[in-house]
Amino acid sequence: MAEAIDESIGAILLTEEALVKDVDKLKSALDAQPSWSDVPFVLLAAPRTSRAPNGRLSQLALFDLASNSVVLERPLGRASLFSAVASAMRLRSKQFQMRDRLAELDESETRLRLATSAAGVGTWDFDLITGELRWDKRCRAMFGILSDRQVSYEAGFLAGLHPDDRERSDQAVKDALRPGGSGEYEIDYRTIGIEDGVERWIAAKGGTIFVDGKAVRFVGTAIDISERKRTQEALTRSEAALRLEREALDDLNRNLEARVAQRTAELEEEMGARSRAEEALRQAQKMEAIGQLTGGIAHDFNNMLTGIIGGINLAKRRIASGRVEEVGRFMDAATESAHRAAALIARLLAFSRRQTLDATSLDVAAQLLATKELLERTLPETIAIELKVTADVGYAMADANQLESALLNLAVNARDAMPDGGRLTITAEQCRVAASEAGGLDAGNYVMIAVEDTGVGMPPEILEKVFDPFFTTKPIGQGTGLGLSMIYGFAQQSGGRVRIDSSPGQGTSIKLYLPAALGAETQEEQGDAESPSEGSGQTVLVVEDDDAVRLLICEVLTDLSYRVLEAEDADAALRTLTATGKIDLMVSDVGLPGMNGRQLADVARQHRPYLPVLFVTGYAENAATKASFLGTNMAMIGKPFAVEALASKINEMVNPPHGVEQA
């Protein structure tokens, strides 16, 4: 039994008599399990021969064979045995789920570390409960610490600050930690290297995490802006010198052509130096913007990872102590945090115009009417919603779900801008944009959808930043700062544009321009019968280079009674396609190494013209819109996906309507 214990074991059922010897070897095998694993035991004790306590059964109950065990006395009924084994298998299944979640968390943390490393951004984490201050190696380098010495707030942060900046920086931290405050922290300060003595300029940005009004954690990012500061000083000196030269030039004799030519050459050289200094400043500003972006991602992901890791750790502790009735609540909390992380990634893809859009010809009037009903259920009764749609508004080319999400985001922003109530007006009309007034749009016909509120409005300095990622005027924890940037990315990827107009006290108007369509697209008739919940032995080829995703898809297909063939890349898939008989469906990732999924589908169709293909993708660089990417009898599903959605889509494709040929 000790030699057989591995990840393929769901539960162990053994009798009391099996424990008479070699127990130490079994305990050693259990102790060698991974941290997430705690294989469950069902122990069958011998029957009692008298009313006296069963000494051996008591010994079994006290014997610490495993932290996850159940003792049953023989004889027992089949139902009791089956119930105990089923309960053990369910607990084991949840352990496997936690193993997969831990692997996903490790991958997410690796990507975050790579992002901050590429941007040269340092991270810091101050635990206010324990007083522990953690710096990564880039943050330590900014304070001139080259060794592995321990750091603290006083002996690390305050000790490394320039004397002229120490009091100001300390006060900024205290302001961020003050209960009832915004918790935000953003400051530039100088450091004097603790070990190397080098003076540096640092830009720091972070925030405080409060629990029940008490500051418990202080996290953020730091970036070395010494080069930017030196560039700014050089630019200031250059401008001052240029002014002096111009004044001297005005005093020169205009008729001295030689002197004018000489001074002109000198000025051109100085202008070149200024141009180079400005370029260096722009580069420094780009790096600062990257720091702001990664800092925002780090802040939000820290919150989400806290929910995921904490939920899994608590669930593991409950399972270890046998309190399994509470496990579901913690797993639900971890799952909710994971869904929030997926939503954050979706917003980032929308801003970067890398999401997959299912653009179709939308009836704008009908879409806005449906959206108005949704908003009436979402917004408070103090906000009146008015819909103004012209009779000739017609159709627009857009993704219906993304358009509805954009309008809902705008409505929620308008609600926050009208805390005492007001009016939200949604207007739609078709307009013609000429080449002379395009302003970033191609000349042509567009549908303009405007969302206007009677709220507090925004000053110019806020207005110019509203589309920046992670910029928000809401308190920490009440907004990601990706709502308007997501709308900006969605509009541009759809071939349109978004414009905003606002002023303090006058409300805000946001206009969304989408390409106009000629009319409604003809939709294929759907069968009346529902797709079967399971397959009937159909053959499905799964092509996926990520082992975890491929395992998940294959397990779903196997559970649904399909015959599964696997391939890790396009070359292996082509070998399977040429060597295998009938294949009812190919499920392929878009981003494969070498030949991508779409190219693989084209080659596969040369051999099997009617082969259905389901693409899975989480990045839309080569699949920006489904309409332009998909061919006949092809479909697409985005990562991350729910297992139920994947199963439904697979059943739909392997059971096509009558008359559609299969490969």
Apply side chain to side chain contact (heavy atoms under 4.5 Å, CB included) to the pair Met418 and Thr454, showing each step before the final yes or no. CA-CA 7 Å; Met418 299 184 291; Thr454 58; 3.4 Å; yes
Can you list the steps and then say if Leu161 with Ile192 is a side chain to side chain contact (heavy atoms under 4.5 Å, CB included)? CA-CA 6 Å; Leu161 292 175; Ile192 302 296; over 6 Å; no
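- Looking at Ile225 and Asp188, their side chains come closer than 4.5 Å, going by heavy atoms from C-beta outward.
- Judged purely by atom type and a 3.5 angstrom limit, Thr123 has no side-chain atom pairing as donor or acceptor with the backbone of Thr221.
- A cation-pi arrangement, defined by a distance under 6.0 Å to the six-membered ring centre and an angle within 45 degrees of its axis, is absent between Arg217 and Phe126.
- Rounding to the nearest 0.5 angstrom, the gap separating the CD1 atom in Ile223 from the NZ atom in Lys205 is 12.0 Å.
- Heavy atoms only, all atoms of each residue included: Ser502 and Gly507 are closest at OG-O, 3.1 Å.
- A salt bridge is defined here as a Lys NZ or Arg NE, NH1 or NH2 lying under 4.0 Å from an Asp or Glu carboxylate O, and Arg134 with Glu132 meets this definition.
- Shortest non-hydrogen contact noted between Tyr189 and Arg168 is CA-NH2, 3.9 Å.
- Salt bridge status for Lys174 with Asp170: present, with a side-chain N to carboxylate O gap under 4.0 Å.
- Two residues are said to be in side-chain contact when any heavy atoms from C-beta on lie closer than 4.5 Å; Leu512 and Arg499 fail this criterion.
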Worked verdict on Val173 versus Tyr153 for side chain to side chain contact (heavy atoms under 4.5 Å, CB included): CA-CA 10 Å; Val173 173; Tyr153 183 78; 3.5 Å; yes
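- Using a 4.0 Å cut-off between charged side-chain N and carboxylate O, Arg230 and Glu227 make a salt bridge.
- Of the options Arg237, Glu247, Arg274, a side-chain contact (heavy atoms from CB on, under 4.5 Å) to Leu242 is made by Arg274 and by none of the others.
- In this pair, Phe143 and Phe157 present their aromatic rings tilted. The plane angle is within the 30 to 60° band.
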Full working for side chain to side chain contact (heavy atoms under 4.5 Å, CB included) between Ile500 and Met458: CA-CA 10 Å; Ile500 185 170; Met458 291 177 281; 3.7 Å; yes
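- Note that CD1 of Ile426 and CG of Leu387 are 6.0 Å apart. Values are rounded to the nearest 0.5 Å.
- Counting non-hydrogen atoms of other residues, nucleotides and ligands closer than 6.0 Å to NZ of Lys229 gives a total above 12.
- Note that OG of Ser152 and CG of Leu158 are 8.5 Å apart. Values are rounded to the nearest 0.5 Å.
- Minimum heavy-atom separation, Val151 to Ile145: CG1-CD1, 3.6 Å.
- Residues Ile187 and Ser169 have side chains in contact (heavy-atom distance under 4.5 Å, counting atoms from C-beta outward).
- In this structure the side chain of Leu403 reaches within 4.5 angstrom of the side chain of Leu514, judged on heavy atoms.
- Interatomic distance, Tyr446 OH to Cys431 SG, rounded to the nearest 0.5 Å: 9.0 Å.
- Panel note: side chain Asp165, backbone Arg190; a donor-acceptor pair is recorded below 3.5 Å.
- The pair Glu195-Arg149 meets the salt-bridge criterion, since a charged nitrogen lies less than 4.0 angstrom from a carboxylate oxygen.
- The two atoms that bring Ala517 and Met397 nearest to each other are CB-CG, 3.8 Å, heavy atoms only.
- For the pair Asp136/Trp124, no side-chain contact is recorded, criterion being any heavy-atom separation below 4.5 Å from C-beta on.
- Shown here for Arg200 and Ala141, the closest heavy-atom pair between the two residues is CZ-O, 3.4 Å.
- Remark: the backbone N or O of Gln232 is paired with a side-chain donor or acceptor of Thr236 at under 3.5 angstrom.
- You'll find the side chain of Phe218 reaches within 4.5 Å of the side chain of Leu177, heavy atoms only.
- Shown here is Gln171, whose CD atom has more than 12 heavy atoms of other residues, nucleotides or ligands within 6.0 Å.
- A donor-acceptor pair is defined here as one N or O able to donate and one able to accept, closer than 3.5 Å; no such pair exists between the side chain of Asp589 and the backbone of Leu592.
- For the atom pair CG of Asn445 and CZ of Arg432, the computed distance is 5.0 Å after rounding to the nearest 0.5 Å.
- Summarising the geometry of Leu407 relative to Ile449, their closest heavy-atom pair is CD2-CG2, 4.1 Å, with the distance given to 0.1 Å.
- A distance of 12.5 Å separates CZ in Arg276 from OG1 in Thr231, rounded to the nearest 0.5 Å.
- Within the 4.5 Å cutoff, no side-chain heavy atoms of Leu362 are placed close to those of Tyr395.
- The number of heavy atoms from other shown groups lying within 6.0 Å of CG (Asp164) is above 12.
- Side-chain contact between Val216 and Leu128 is absent, with no heavy atoms from C-beta onward closer than 4.5 Å.
- The backbone N or O of Gly160 sits nowhere less than 3.5 Å from a side-chain atom of Thr191 that would complete a donor-acceptor pair.
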